[in-house]
Amino acid sequence: MTALDKAEALRRRKGGVPIAALTAYDYPTARLLDEAGVDVLLVGDSLGMVVLGFPDTTQVTLDHMLHHLAAVARAMPRAFIVCDFPIHTYDTPDHALATARRLMAAGAEAVKLEGGTAQAQKVSALTGAGIPVVGHLGMLPQSVLDEGGYHKTGKTPAQAADLLAGAEALVAAGVCAIVLESVAPATARDITARIAVPTIGIGSGENTCDGEVAVVTDLLGSFPWFVPPFARPQANLADAIRQAAAKYVARVTNRSDSPGPSPR
Ligand code: KIV
């Protein structure tokens, strides 16, 4: 299936079986998530925090994204590989096009960008060049420094109207889906009902969108130092890793697995 076929298949999920999306940043995780039936693997710039140890996504570079994207792509998943544009790699339509071509060459099947009406021209340039695009509205992590923190949006009628206008502009420009992050549930539900492409929610309430996306470390419990309030961990890998490492340290330092005296 080509990237455009996969984008069309995603678009057709509107109002149908909900879309299950997870972030992935490496080869084994991509393979395991794909084997589990995940629909979309998002190489999110959240890797800045949960893999690279930065405080937010604003220090993630194109080289970081290319490195992790290529690892995910080597898993050759059946799932649709979407890759984030890192900050300041899509400042103009031409810039977005040049960056997207590098991401697609490294294995992306769609690119994702943050923002609404102001990004429509870039989205048109990308879709016009045959590059599938996923939008991202609501709380925009790349704006965290400008906004002075992470804030839920879509709570007031003016915010809700702005989000809807942004969603409509992105749809008109040809996106195949839109992520809604930390949007008030009623607004997320309303946008979902009004636009023709699937919405994929995170922190935007239960059953308000056409699907959900989660950061994989929140699902697996492998990044315990910050867990968003809406996360639903299904495992506690942090404890499993600590315990396995402690057992290893004990075995090595105590030589407890030593085979004993050799047979005569
Ligand atoms: O980078 C990321 O993980 C994301 C999700 C939060 C949607 O953009």
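Remember, it's 1-based here, ligands and their atoms both numbered in the order they're listed.
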Participant: Side-chain polar contacts of residues 65-75 - donor-acceptor pairs under 3.5 angstrom, sequence neighbours left out - could you list them?
Facilitator:
| unit_1 | atom_1 | unit_2 | atom_2 | d |
| --- | --- | --- | --- | --- |
| H68 | ND1 | Y25 | O | 2.8 |

Participant: Are R232 and E206 within salt-bridge range, i.e. N to O under 4.0 Å?
Facilitator: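 Yes.
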Participant: Quick one: OG1 on T57 to CG on L52, what's the gap to the nearest 0.5 Å?
Facilitator: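 Nearest 0.5 Å value for the OG1-CG distance: 11.5 Å.
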Participant: Looking at residues at least two apart in the chain, or sitting in another chain, which of them share a side chain to side chain contact (heavy atoms under 4.5 Å, CB included) with Q121?
Facilitator: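 Side chain to side chain contact (heavy atoms under 4.5 Å, CB included) list for Q121, sorted by chain: P93.
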Participant: Under 3.5 Å, which donor-acceptor pairs do the side chains of residues 123-130 form with other protein atoms, sequence neighbours left out?
Facilitator:
| unit_1 | atom_1 | unit_2 | atom_2 | d |
| --- | --- | --- | --- | --- |
| S124 | OG | A120 | O | 3.2 |
| T127 | OG1 | V123 | O | 3.0 |
| T127 | OG1 | S124 | O | 3.4 |
| T127 | OG1 | A173 | O | 2.8 |

Participant: Within the protein, flag every N or O under 3.5 Å from an N or O of ligand 1, and note the pair and distance.
Facilitator:
| unit_1 | atom_1 | unit_2 | atom_2 | d |
| --- | --- | --- | --- | --- |
| ligand 1 | 1 (O) | D45 | N | 3.1 |
| ligand 1 | 1 (O) | D45 | OD1 | 3.1 |
| ligand 1 | 1 (O) | S46 | N | 3.0 |
| ligand 1 | 1 (O) | S46 | OG | 3.3 |
| ligand 1 | 1 (O) | D84 | OD2 | 3.1 |
| ligand 1 | 3 (O) | S46 | OG | 2.5 |
| ligand 1 | 8 (O) | K112 | NZ | 2.8 |

Participant: Does D239 come within less than 4.0 Å of R242, counting only side-chain N to carboxylate O?
Facilitator: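 Judged by the 4.0 Å cut-off on N to carboxylate O distance, D239 and R242 do form a salt bridge.
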